Amino acid sequence: MLWGCIELGKVLVTAAWPYINHIPHLGNLLPILSADVIARYYRLKGEETLFVSGSDEHGTPIEVEAIRQNISPKELTDRNHEIVSLLFKKWAISFDNYTRTESEVHKEFVRNVMLSLEKNGYIFVKEDELPYCERCQRFLPDRFIEGKCPYCGYERARGDQCEQCGRLLEPIKLIEPKCTVCGEKPTVKIAKHWYFDMPKFADKLLAYIEGNKRLPENARNFSLNLLKEGLRPRPITRDNKWGIPAPFAGAENKTIYVWFDAVLGYVSATIEYFKKHGDGDRWREYWFDKNARILYFIGKDNIPFHTLILPALLMATHEDYNLPWNVCTNEWLIFAGQKSSKSRRVGIWIDEALEMFPVDYWRYTLIAIRPETKDSDFTWKVFIEKVNADLNDTLGNFIHRTLKFINTYFDSAIPDPMDLDSLDKNMLSTIIEKVKAVDELLENCQLQAALREAIELSRIGNKYLNERKPWETIKLNPQVAANTLYVSAQIVKALSVILEPFIPITIRKLREILSLSEKFSWDDAYKPLPPGHKIKKAEPLFTKVRFSEEDLQSMLEKIRERTEKISYEDFSKVDIRVGRIVEAEAVPGAQNLLKLLIDVGDSLKTAVAGIAKHYRPEDLKGRYVAVVVNLRPRQVFGIESEVMILAAEDEGKIVLLEPSEPVRPGSRVR
Ligand SMILES: [Zn+2]
Ligand SMILES: [Zn+2]
C-alpha cells in the first residue's frame, strides 16, 4: 500500500456539483465518472462507502440562461435537474444521493454555517468599490463582468475567477472590463457586502496543504501558490435574487455567493442521505470520525474552492470537521484541440454520446484518456482505437476465446487442472500481481494507470493462449489444453472483478455468462473458479466500431439536427402576429423585466419580457413588435404573461423584431 497502513473506515466519495444551466458535456462528466469508479472500487473493497453530489443551481449563469429562455430560474433548474439526474443513471453513475442546492436540507445547513461563521467572528461587513453597469443598473459580480486577467492576461476572465490560470479574482481588478449583458464599460460604485475573513486561516491552511501528502501535484502547487500570494477576504454575499438568502441582519436583499453555497453541499448531501434513511446522526461518522476519508473529484478550475475555501469554511465553524483527505483533480479534456463550446458546436454532450454507443465504450475511453497530469485530447480516432484495439480485440477477444473454448471442448465446465507447468503457474501469480497493482493504483486515485494494468492482464492472457495453442493441444494432449483453459478462466474471473468500477454494465453481463453472483468483493479476484463450475454460453461483449472518423462526426451532427430541428407541422402551430405596444412599465423587484400591454388586433394581451436592460418603458410605447399569441399563459414574478414578444440576441444585446413599416395589429406573421 502506497500510503502506509490504512485503517478500514468510512469513505465519502464526492464529485464537484455540476452546474446545470446546460446538460454536461464529456469534460464536465469526467470528475463525476472518476468519482464513480472510485466509489465502486471502495464498495468492492468492503469499505462503508457513500457517494454524493448534486446539481449546483444557483448563481448568475442560471439567471442569465433563464432570462434567455424566458422562464424562471427555478423552472429551468427543476427541468434540468430531472434531465441530468436521469442521464447520470444512464451513465451508470452509482450515486447514493444525488441532490440539489435547492434542497431544504441544504439551504438550512448553509444558513446555519453562515450564522456560526458570523458568531465566531469571521464575517465582517464592508463597503467597497465594485463595478456597476449604468445601463443595466446593477452591480456586476462573477459572470456578469468580463475583462483581461491581471495575472495571466487572459482576455475573457470572469469577475470571480480566471478560467485560464484558475486564480481567484476581484471584479474591480479586471483590466478593460465590460458588462457581459450589454457590453458597456462599467463604472464603480460603493456597495455593502458581507465578507468571509479568509486570511485568518492562512496558517492553518498552509499546514493542511503541506501536511496532506496525498494531494495530487496540480492541486498542491496551485494551492501553495495562492497561499504564497496571500489570501484576501472574500465577499460572501451577492445582490442576486436567485440563491440562498443571506441570513445576516441587514442583508435581507442579498444571497450567498454560489460557490460558498455549493461546496457546503458535500456536507448537506450526507446529512440528507441519512435523514432519508432514518439515521439522523450518522452523517457525523463521515464528517467527524478521524478515520473516515473524504475524497473530492474535481476539474482543475475548482481547486481553490476545495483546497482552501471549503477547508476554511469548515474550520471557521469551530467544529472539528474532517478536511479533504484527497482532492483528485483532473486537467482539461479537450476536443480535437479545442475547448468544448455549445455555440461553436465543439465537444460531445452526455446525452448525445449515449445515442451513439453503449455507455461502457464511453466510460472506458474517458478513463483511458483521463487527463491526470496534462490536458488530453478526445478525437474520434482515439475513440475508435480504444474501443476496437483495447475493448474488442484485447479484452473482448481474450474473454470470448476462453469461454467459447470451454463451451465447445469442456461442456461449459471449468476444466480440472493437473501438473501445471511453470508457465501456467507464472500466469496464476501474474493474476495476483496485476490485481494488487490495480488495487494500489486505485487507492492512489491513478485511474488511468489502473485501467491500463487491468487491460494488460487480458493482453497477457491473449499472449498466453497464443503460445499454448489449446486448439492444437486439445487433440494432441487434452490435459495440457485443460490446464491452459483452467488458467485462462482464472484470468477472466479476475477481470470480472477488477474491471467492474470501469465498465459495470459489461461486467454484469460477463458475470452472468460466468454464472457468478452479482454480489462480490474485490477479494473474489483472488479466488479461483473451481473445476467443474458450469458457465453459460459465451457471447461477444463488444462490437467493433466500423465507421470512419468522418462517419462518426456526421452521425453526431445528425443527432444534433434531429434534437434541434422541429417539423413544419410543429412550427405551423406557432401563431405569430404583429402587435402594437400600448403600455410599458417596469416590474417592481425584477432587474430585467418589463410588463407590456400589447394590442394584437382582437384584444389587448399582457407580456412580461426580459428586456429592461435594453429598452426604457417610455421608448416602447407605440412600437410594433412580433408576438407569439397562442402560448399557454405563465406566471412571471406574479404577473400572468399571456403572449411572448420576439427579439434578436447578439452577444447579450437584445433587439426587438419589428415590421419594416407599420401594419395593422393582428396581422399574421408568416
Ligand atoms: Zn488568469
Ligand atoms: Zn450592462
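Fair warning: this is a prediction, and the values are worked out from it, not measured in the lab. Read the numbers this way: they start at 1 and go in the same order the structure lists the ligands and their atoms.
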S.K.: Under a 4.0 Å N-O cut-off, is there an ion pair linking R238 with D142?
M.R.: yes

S.K.: Could you pull out the N/O/S protein atoms under 2.8 Å of the Zn ion (ligand 1), ignoring any water?
M.R.: C149 SG, C152 SG, C162 SG, C165 SG

S.K.: Are R138 and Y132 in a cation-pi contact, defined as NZ or CZ under 6.0 Å from the six-membered ring centre and within 45° of the axis?
M.R.: no

S.K.: Are F88 and W91 an aromatic pair by the rule of ring centers under 6.0 Å?
M.R.: no

S.K.: With a 6.0 Å cut-off on the ring centroids, do Y296 and W325 count as close?
M.R.: no

S.K.: What is the SG(C133)-the Zn ion (ligand 2)-SG(C179) angle, to the nearest 10 degrees?
M.R.: 120°

S.K.: Could you tell me whether F201 and Y122 have their ring centroids closer than 6.0 angstrom?
M.R.: yes

S.K.: Indicate whether any N or O donor in one side chain lies under 3.5 Å from an N or O acceptor in the other, for H193 and Y257.
M.R.: no

